[in-house]
2 protein chains.
Amino acid sequence: MADGQSPQGETLLYLTDEQLRQGAEAMFFAYRGFTADPDRILAGLSYGRAHHRALHFIHGAPGTTVNNLLSILGVTKQSLNRVLRTLIEDGLVESQVGRTDKRERHLYLTADGEALEKQLTDAQRARMRAAFRQAGPEAVAGFRRVLEAMMDPEMRRHYQKLREGRG
Amino acid sequence: MADGQSPQGETLLYLTDEQLRQGAEAMFFAYRGFTADPDRILAGLSYGRAHHRALHFIHGAPGTTVNNLLSILGVTKQSLNRVLRTLIEDGLVESQVGRTDKRERHLYLTADGEALEKQLTDAQRARMRAAFRQAGPEAVAGFRRVLEAMMDPEMRRHYQKLREGRG
DNA sequence: CAGTTTACGTCAGTCTTGTTGACATTCCAA
DNA sequence: TTGGAATGTCAACAAGACTGACGTAAACTG
């Protein structure tokens with residue numbers, strides 16, 4: 001294929017159709033593994049992956065507003081609200097009316113919420129840690145570089161902002 | 001944290017909780033980008049991501065049985081069947097009763113099915129190609145190494161088998 | 001101050017895609 | 001040949017996404 005070679009004749013094997021196909025399949029299979037462990041825990045709690053995501057990002061950005069969470073998660077407010085309502089009812093998330101802008105709701109995890117978030121994240125991180133350790137630091141750096149390049153620009157902004165906020 | 005340093009004192013920065021957390025967020029945001037382009041095409045066709053997956057893997061392994069597809073996709077046969085039925089009704093997939101074992105159905109893409117698969121895959125690959133090109137060959141190798149290590153063993157077997165089947 | 005915009009919540013309805021359970025057909029082996 | 005295992009289909013249901021419409025309160029703006 002024309003894509004197998006660059007104009008300079010330099011081999012770009014990682015850009016052949018077959019390599020791209022394998023990359024896509026790797027994403028598919030790996031994402032399944034990535035979510036498998038927390039999903040198992042959630043199944044017994046009448047919660048789903050959506051609850052995990054909410055807990056994760058509230059934990060990572062305490063005091064975030066509903067609107068901000070919305071744009072990070074990329075779902076509609078109706079969809080998020082269903083999840084958030086159950087989490088608040090169950091005492092895992094606290095919603096505080098904004099001090100300066102009373103229209104806003106600032107979201108925090110309660111002690112119970114932190115506990116569940118930790119449980120879910122620990123399960124997920126065990127697998128990630130093993131994968132990172134096995135692949136080695138250079139592979140991990142490449143992994144992150146490719147993923148970052150694959151994001152939509154707006155998602156990349158969120159990603160980088162979250163990184164900065166935590167150092 | 002105890003995890004920031006290996007017993008030998010060698011820095012393992014990529015295994016800190018914060019790095020693992022960033023890895024998880026990268027997976028989340030990148031997967032959204034990964035599926036965004038084909039999803040846009042599918043939205044106008046009354047098909048969903050499940051249809052794309054079926055087309056993708058039938059394309060990659062023509063003549064595969066329903067059961068084999070089931071274990072690759074990791075869903076129930078009832079779930080797959082709904083998707084498969086619409087694809088067959090719409091003339092994108094052909095189902096042939098097995099010659100030796102009449103319980104089995106062998107699946108093939110029709111010309112129309114191949115055309116849609118190509119359209120979807122091209123959209124997805126354009127983004128992957130850009131990401132791969134931007135990140136460079138070493139990053140791509142690391143990307144794949146980490147993803148492979150992240151898979152469930154059974155999924156990794158499927159992944160490797162698909163690779164072998166195509167060279 | 002009046003009108004508009006923003007932020008949030010909710011009700012109702014739909015769609016995709018996952019799940020169980022029940023059932024028919026086919027193959028194979030005791 | 002009969003019973004179990006494998007394969008696939010039909011029916012019903014649930015989670016979680018979506019749109020659209022509406023309501024309320026607060027903030028902003030001319």
Side-chain angles (χ1 to χ4, degrees), chain A residues 28 31-32 35-36 38-58 63-90 93-108, chain B residues 28 31-32 35-36 38-58 63-90 93-107 120:
Chain A
F28 170 68
Y31 198 78
R32 301 267 306 285
T35 57
D39 280 359
R40 258 189 293 276
I41 296 171
L42 290 159
L45 299 174
S46 72
Y47 289 144
R49 208 175 287 176
H51 299 82
H52 180 196
R53 289 197 286 263
L55 291 174
H56 175 102
F57 286 109
I58 295 172
T64 186
T65 64
V66 173
N67 232 6
N68 183 42
L69 201 52
L70 236 43
S71 68
I72 288 176
L73 295 174
V75 297
T76 59
K77 62 178 178 177
Q78 293 91 330
S79 196
L80 175 59
N81 194 256
R82 187 182 340 106
V83 167
L84 230 38
R85 188 168 43 210
T86 69
L87 290 174
I88 292 170
E89 281 171 4
D90 295 352
V93 167
E94 199 185 352
S95 168
Q96 290 183 3
V97 173
R99 298 171 61 86
T100 63
D101 187 334
K102 293 179 191 166
R103 293 171 305 178
E104 295 179 340
R105 302 298 139 86
H106 298 274
L107 303 171
Y108 301 89
Chain B
F28 171 68
Y31 197 77
R32 301 267 305 285
T35 57
D39 279 359
R40 258 188 294 276
I41 296 172
L42 290 159
L45 300 173
S46 73
Y47 290 144
R49 208 174 289 176
H51 298 83
H52 181 196
R53 289 197 285 262
L55 291 175
H56 175 101
F57 286 110
I58 296 172
T64 186
T65 64
V66 172
N67 225 13
N68 184 42
L69 203 50
L70 236 46
S71 68
I72 288 176
L73 295 173
V75 297
T76 59
K77 59 183 177 175
Q78 295 89 332
S79 192
L80 174 59
N81 193 255
R82 189 185 329 107
V83 167
L84 232 36
R85 188 168 45 214
T86 69
L87 291 174
I88 292 170
E89 281 171 3
D90 296 352
V93 168
E94 199 185 353
S95 167
Q96 291 182 1
V97 174
R99 298 170 61 87
T100 64
D101 189 335
K102 292 179 190 166
R103 293 171 305 180
E104 295 180 341
R105 303 296 139 90
H106 298 275
L107 303 169
L120 294 169

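A note on names: the letters A, B, ... follow the listed sequences, proteins ahead of strands, and every chain is numbered from 1.
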Can you find a side chain N or O atom of B:R85 that sits less than 4.0 Å from OP1 or OP2 on D:dC10?
yes

Heavy-atom contacts under 4.0 Å between residues 39-56 of chain A and DNA chain C, which residues?
none

Do the side chains of B:E94 and B:I88 get nearer than 4.5 Å, heavy atoms only?
no

Applying the side-chain hydrogen bond (donor to acceptor under 3.5 Å, both in side chains) test to A:D39, which of A:R49, A:H52, A:R32 qualifies?
A:R49

Interatomic distance, B:K102 NZ vs D:dG8 C1' [rounded to whole Å]
16 Å

Side chain proximity check, A:N67 to A:E104, heavy atoms < 4.5 angstrom
no

Between A:N68 and A:F57, is any pair of side-chain heavy atoms under 4.5 Å apart?
no

When A:V83, A:V75, A:N81 are each screened for side-chain contact (heavy atoms from CB on, under 4.5 Å) with A:S79, the one that passes is A:V75

Stepwise, does the side chain to side chain contact (heavy atoms under 4.5 Å, CB included) test hold for A:Y108 with A:Q96?
CA-CA 8 Å; A:Y108 301 89; A:Q96 290 183 3; 3.6 Å; yes

Quick one: is A:T76 getting a side-chain N or O under 4.0 Å of the D:dC18 phosphate, OP1 or OP2?
yes

Check every nucleotide of DNA chain C for an atom under 4.0 Å from a heavy-atom of chain A, then give the first and the last such nucleotide from 5' to 3'.
C:dT6 to C:dC11

Indicate whether the side chain of A:H51 and that of A:T86 have a donor and an acceptor atom separated by less than 3.5 Å.
yes

5'-most contact on DNA chain C: B:Q78 or B:R82, nearest heavy atom basis?
B:R82

Quick test: give all pairs of protein nitrogen or oxygen and nucleotides 4-7 of chain D nitrogen or oxygen below 3.5 Å, distance rounded to 0.1 Å.
residue: D:dA6; atom: O4'; partner: B:R103; partner atom: NH1; Å: 3.4
residue: D:dT7; atom: OP1; partner: B:N67; partner atom: ND2; Å: 3.3
residue: D:dT7; atom: OP2; partner: B:N67; partner atom: ND2; Å: 2.2
residue: D:dT7; atom: O5'; partner: B:N67; partner atom: ND2; Å: 3.4
residue: D:dT7; atom: O3'; partner: B:R103; partner atom: O; Å: 3.2

Counting C-beta onward and ignoring hydrogens, is there a side-chain heavy-atom pair between A:L69 and A:L80 closer than 4.5 Å?
yes

Taking atom P of D:dG8 as reference, at what distance in whole Å does atom CD1 of B:I88 sit?
11 Å

Heavy-atom side-chain proximity of A:I58 to A:L84 below 4.5 angstrom
yes

Which is more 5' along DNA chain D, the nucleotide nearest A:V75 or the one nearest B:N68? Just name the residue.
B:N68

Step through it carefully: locate the ring centre of B:Y31, locate the ring centre of A:F28, and say whether they are under 6.0 Å apart.
no

Across the strands shown, which category fits B:S95 at heavy-atom distances under 4.0 angstrom: base, sugar-phosphate, nothing?
nothing

Within-4.5 Å side-chain heavy-atom neighbours: B:L55 and B:V93:
yes

